[in-house]
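All of these numbers come straight from a predicted model, not from anything done at the bench. In the text below, chain A, chain B and the rest are named by the order of the sequence lines, each starting its count at 1.
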Protein chains: 2
Amino acid sequence: MKKRPSTITDIAKSLNIAASTVSRALHDSPSISKETKQAVMKMAKQMDYQPNMLAVSLLSKRTKTIGVIVPEITSYFFSTVISGVQDMVNEAGYKLVICQSNESFEEEQKLIETLALNRVDGFLISPASKTMKFTHLERLRSSGIPVVVFDRDCPGFDADRVLVDDFDGAFQAMEYLIKTGCRRIAHIAGPKNLTTCQHRMDGYIKALQKHQIPVDESLIEWVEGFTSEDGEEATKRLLDRRSRPDAIFAINDAVAIGAMAIIRDKGLRIPEDISIVGFDDEPYSKYFHPSLTSVWQPVYELGMLSSKILMNHLASDLDVTQFRYELLKPELIVRNSSRPV
Amino acid sequence: MKKRPSTITDIAKSLNIAASTVSRALHDSPSISKETKQAVMKMAKQMDYQPNMLAVSLLSKRTKTIGVIVPEITSYFFSTVISGVQDMVNEAGYKLVICQSNESFEEEQKLIETLALNRVDGFLISPASKTMKFTHLERLRSSGIPVVVFDRDCPGFDADRVLVDDFDGAFQAMEYLIKTGCRRIAHIAGPKNLTTCQHRMDGYIKALQKHQIPVDESLIEWVEGFTSEDGEEATKRLLDRRSRPDAIFAINDAVAIGAMAIIRDKGLRIPEDISIVGFDDEPYSKYFHPSLTSVWQPVYELGMLSSKILMNHLASDLDVTQFRYELLKPELIVRNSSRPV
DNA sequence: CTGTTAGCGCATTCAT
DNA sequence: ATGAATGCGCTAACAG
């Protein structure tokens with residue numbers, strides 16, 4: 001027996017007053033007498049009145065909701081960003097609608113459209129690896145819906161963005177490997193059109209060049225995804241080549257873990273034969289054996305800052321004239337999968 | 001320059017027809033002539049018309065949205081359940097609002113209220129570890145909003161529930177440990193009021209009893225959370241006691257990983273000195289060294305099934321008279337952190 | 001085939 | 001201090 005939720009009109013009727021009076025009373029308007037206020041409050045409680053936010057939103061044109069699009073929710077990186085976002089927006093009274101694109105452009109496009117139809121007030125987006133054009137984001141902007149891009153940049157799409165200095169992270173990792181005597185450093189790289197992966201690749205190359213180590217194409221392998229299985233496959237291919245690497249800089253920790261498994265299978269030692277460095281510094285990384293050297297990223301801060309910028313736009317509803325660009329600093333965490341200095 | 005989104009009325013005006021005609025045309029109603037349909041469609045495209053789902057929802061009293069409340073989004077378990085849910089509900093045209101309670105009763109309560117105010121059509125809930133009374137869920141039921149509880153049961157709250165047979169999982173793990181010669185089997189248990197943890201504890205006890213092994217209270221340790229750090233602390237306490245365990249059955253993989261780290265620190269061997277078994281079978285578990293024996297749970301299926309049941313309720317809007325109770329079967333995955341048979 | 005009317009639940013004029 | 005009227009954007013019942 002689903003009861004119809006009681007409305008402001010219901011309260012008004014049972015009290016023989018106007019709906020507008022009830023509305024004002026519930027909002028504690030100063031132009032309402034103490035008596036009617038109390039009567040309304042009491043009746044509201046009695047009838048278990050719950051305001052219908054749909055009606056409020058329709059009228060106010062604001063849903064107090066922000067849409068978050070991430071490639072996948074299961075990864076440590078993105079789920080932690082979301083936690084940061086959550087904690088930030090809660091205080092401002094905003095709700096979150098979290099969606100995953102599964103790295104698919106089509107899904108991403110569809111999600112954005114759906115959320116726009118449902119009138120979310122703003123977007124926090126990290127594009128799918130398959131996303132190469134940004135017309136769907138342009139549309140949002142032309143509808144006046146603020147968008148903040150995080151972690152993965154959208155080249156050619158001008159917007160607020162909060163990124164991590166992936167180049168610097170990779171560079172730190174590489175300099176450390178070189179300093180500890182590695183010379184044949186392999187890189188297991190991620191999808192080519194992700195800016196994060198491009199920048200890590202740049203860091204890899206630039207560090208080699210700085211130390212006059214020639215870039216050897218046979219030391220570079222690519223993965224489509226970011227799983228340990230991908231890392232295993234790439235490492236197998238790498239080790240099958242003529243001359244072995246003495247270090248592997250992996251695009252992330254999961255891939256690095258896969259690499260470690262294969263290297264151990266082949267009877268090689270870490271880090272004596274091959275050093276390993278990952279990226280992300282996942283919580284588990286220090287528990288592997290050997291513990292994984294990795295580039296830590298300020299993940300939680302990434303979420304906080306991105307949402308803070310978005311909140312600012314929503315608060316001041318002037319038009320955005322200039323976009324913010326924030327670059328957060330990563331930090332190499334040295335553990336035992338790489339040689340000591 | 002935020003343009004006001006164009007509405008059905010805008011289209012109607014610029015075409016000099018009635019709004020209802022436009023509405024019908026957009027819905028491809030058979031009672032509209034080909035010509036007007038085409039004209040409407042064309043104008044809609046030209047004006048970049050996007051239906052306002054808030055208005056639609058207000059009218060239809062259905063938002064096509066379901067609320068998902070999990071204790072935390074960062075865990076492998078819950079984020080994977082969500083993936084299952086996502087894949088299921090997408091086909092039915094439902095959206096997901098995902099929220100985390102952070103294991104707090106107050107947050108859980110608040111989230112549920114907020115989502116209810118925003119008129120989600122149904123709920124998928126796994127209660128926080130701090131949640132001990134379910135009046136907030138009772139309220140949902142009395143408002144006629146369907147609720148499906150998953151993984152963690154709500155004792156005393158009658159609802160559809162989709163659970164994992166934690167007792168059986170624990171029992172499988174324990175029988176295996178006993179079969180491989182372990183006798184002083186410790187258990188690192190989770191929060192006492194979580195049904196999942198209770199049932200694992202029951203499995204632990206019952207297996208011991210079946211094999212006439214006395215239950216030794218000094219072999220039982222408790223953790224508040226589910227992190228590796230919690231596991232480390234608990235294991236330290238365990239190893240500080242007079243007589244050491246020859247096996248540890250941990251409440252989950254993260255805790256088991258923490259246990260392994262401490263055991264290795266103490267110079268003990270796994271599994272020769274102490275066998276370890278976890279619960280969850282996280283993707284990384286096979287990559288630890290030694291690889292972790294663990295109880296696998298049908299996580300994705302859990303999400304699919306829970307949401308399927310919810311979808312059924314939403315489709316047939318008769319009242320729910322009887323609640324479904326589904327118990328999914330876990331499975332022990334034997335690896336190298338436990339002795340061979 | 002199309003237009004008119006009404007109403008979803010609410011907040012905000014404008015009256016009184 | 002309160003009520004009546006209006007409209008957010010849309011759909012549906014009821015005319016014609």
Side-chain angles (χ1 to χ4, degrees), chain A residues 2-41 43-44 47-65 114 116-121 143-144, chain B residues 2-41 43-44 47-65 114 116-121 143-144:
Chain A
K2 319 195 175 182
K3 310 171 213 152
R4 189 180 55 78
S6 57
T7 72
I8 242 177
T9 323
D10 296 331
I11 299 181
K13 276 181 190 152
S14 62
L15 247 43
N16 272 318
I17 56 178
S20 52
T21 307
V22 175
S23 173
R24 284 184 281 238
L26 290 172
H27 287 274
D28 201 29
S29 154
S31 67
I32 295 287
S33 73
K34 278 232 169 350
E35 299 79 48
T36 41
K37 262 182 199 170
Q38 287 177 343
V40 166
M41 288 308 197
M43 181 59 73
M47 300 177 68
D48 192 32
Y49 167 75
Q50 314 270 108
N52 186 331
M53 297 311 286
L54 290 174
V56 176
S57 296
L58 178 60
L59 208 50
S60 68
K61 297 180 186 312
R62 308 189 318 129
T63 54
K64 287 287 222 173
T65 301
T114 308
L117 295 188
N118 285 277
R119 297 296 192 267
V120 297
D121 293 341
S143 333
Chain B
K2 318 195 173 177
K3 309 169 215 155
R4 190 180 55 79
S6 58
T7 71
I8 245 178
T9 323
D10 296 331
I11 300 181
K13 275 182 190 152
S14 63
L15 249 41
N16 270 320
I17 56 178
S20 53
T21 306
V22 176
S23 173
R24 284 183 284 238
L26 290 171
H27 286 272
D28 200 30
S29 153
S31 66
I32 296 286
S33 73
K34 277 231 168 351
E35 299 78 47
T36 41
K37 263 182 200 171
Q38 286 177 343
V40 166
M41 288 308 197
M43 182 58 75
M47 301 178 65
D48 191 32
Y49 168 76
Q50 314 269 107
N52 186 332
M53 297 311 286
L54 290 174
V56 176
S57 295
L58 180 59
L59 205 51
S60 68
K61 296 177 186 314
R62 306 188 322 128
T63 54
K64 286 288 222 172
T65 301
T114 307
L117 295 188
N118 284 277
R119 299 296 192 264
V120 298
D121 292 342
S143 333

Trainee: Base, sugar-phosphate alone, or nothing: which one does Ile17(B) contact when heavy atoms must sit under 4.0 Å apart?
Mentor: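 It contacts sugar-phosphate atoms only.
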
Trainee: For Ser14(A) and Met43(A), run side-chain contact (heavy atoms from CB on, under 4.5 Å): C-alpha distance rounded to whole Å, both residues' side-chain angles, the deciding distance at 0.1 Å, then the answer.
Mentor: CA-CA 8 Å; Ser14(A) 62; Met43(A) 181 59 73; 3.7 Å; yes

Trainee: Does Asp10(B) have any salt bridge (charged side-chain N to carboxylate O under 4.0 Å, His left out) partners at least two apart in sequence or in another chain, and if so, which?
Mentor: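 Residues passing salt bridge (charged side-chain N to carboxylate O under 4.0 Å, His left out) with Asp10(B): Arg4(B).
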
Trainee: Taking five pairs at each end, how big is the angle between the two axes of the helix from dC1(C)-dG16(D) to dT16(C)-dA1(D), to 10°?
Mentor: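 It comes to 50° between the two terminal axes.
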
Trainee: Applying side-chain contact (heavy atoms from CB on, under 4.5 Å), name anything that partners Ala39(B), two or more places apart in sequence or on another chain.
Mentor: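 Ala39(B) satisfies side-chain contact (heavy atoms from CB on, under 4.5 Å) with Leu15(B) once adjacent residues are dropped.
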
Trainee: For a quick test of reading the model, state the closest non-hydrogen atom pair linking Tyr49(A) to Leu26(A) and the distance between them.
Mentor: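 Distance-wise, the nearest heavy atoms are CE2-CD1, 3.6 Å.
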
Trainee: Out of curiosity, Arg119(A) CZ to Ser143(A) OG, how far, rounded to the nearest 0.5 Å?
Mentor: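 Between atom CZ of Arg119(A) and atom OG of Ser143(A) there are 8.5 Å.
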
Trainee: Looking at residues at least two apart in the chain, or sitting in another chain, which of them share a side chain to side chain donor-acceptor pair (under 3.5 Å) with Thr63(A)?
Mentor: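 Scan of Thr63(A) (side chain to side chain donor-acceptor pair (under 3.5 Å), adjacent residues dropped) gives Asp121(A).
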
Trainee: For Asn16(A), report the nucleic acid contact type (base, sugar-phosphate, nothing); a contact means any heavy atom under 4.0 Å.
Mentor: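 Sugar-phosphate contact only.
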
Trainee: Quick check: closest heavy atoms across Ala18(B) and Ala12(B), and the distance to 0.1 Å?
Mentor: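 Minimum heavy-atom contact is C-CB, 3.8 Å.
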
Trainee: Name all pairs fulfilling the salt bridge (charged side-chain N to carboxylate O under 4.0 Å, His left out) condition that reach into residues 52-61 of chain A, sequence neighbours left out, sorted by first residue then second.
Mentor: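 Listed once each, the pairs would be none.
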
Trainee: In chain order, what residues pass the side chain to side chain donor-acceptor pair (under 3.5 Å) check against Asn118(B), with sequence neighbours excluded?
Mentor: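 Asn118(B): no side chain to side chain donor-acceptor pair (under 3.5 Å) contacts found.
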
Trainee: Strictly below 4.0 Å: does Ser20(A) bring a side-chain N or O up to OP1 or OP2 of dA11(C)?
Mentor: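 No, outside the criterion.
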
Trainee: Please name the residue in the list Ile32(A), Val22(A), Ile8(A) that meets the side-chain contact (heavy atoms from CB on, under 4.5 Å) test with Val40(A).
Mentor: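 Answer after filtering Ile32(A), Val22(A), Ile8(A): Val22(A).
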
Trainee: Students should find this one: the first and last nucleotides of DNA chain D, 5' to 3', lying under 4.0 Å from a heavy atom of chain A. What are they?
Mentor: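 The protein-touched segment is dA1(D) to dG9(D).
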
Trainee: Using side-chain contact (heavy atoms from CB on, under 4.5 Å) as the criterion, list what pairs up with Gln50(B), not counting sequence neighbours.
Mentor: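 With sequence neighbours excluded, Gln50(B) shows a side-chain contact (heavy atoms from CB on, under 4.5 Å) to Leu117(A), Arg139(A), Asp48(B), given in chain and number order.
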
Trainee: Just the atom pairs and distances: protein N or O near nucleotides 6-8 of chain C's N or O, under 3.5 Å.
Mentor:
| unit_1 | atom_1 | unit_2 | atom_2 | d |
| --- | --- | --- | --- | --- |
| dC8(C) | O3' | Lys61(B) | NZ | 2.9 |

Trainee: Between Pro5(A) and Thr21(A), just flag the one whose closest nucleotide in DNA chain C comes earlier from the 5' side.
Mentor: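 Here Pro5(A) is the residue nearer the 5' end.
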
Trainee: Only counting residues at least two apart or in another chain, list the ones meeting side chain to side chain donor-acceptor pair (under 3.5 Å) with Ser29(A).
Mentor: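 Per chain and number, Ser29(A) pairs via side chain to side chain donor-acceptor pair (under 3.5 Å) with Ser31(A).
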
Trainee: Please list residues of residues 23-41 of chain A whose heavy atoms come under 4.0 Å from any atom in DNA chain C, ordered by number; otherwise none.
Mentor: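 When residues 23-41 of chain A is checked for heavy atoms under 4.0 Å from DNA chain C, the hits, listed by number, are Ser23(A), Arg24(A), His27(A).
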
Trainee: Write out all pairs satisfying salt bridge (charged side-chain N to carboxylate O under 4.0 Å, His left out) with one or both partners inside residues 18-38 of chain A, taking only residues at least two apart or from two chains.
Mentor: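 Matches after skipping sequence neighbours: Asp28(A)-Lys37(A).
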
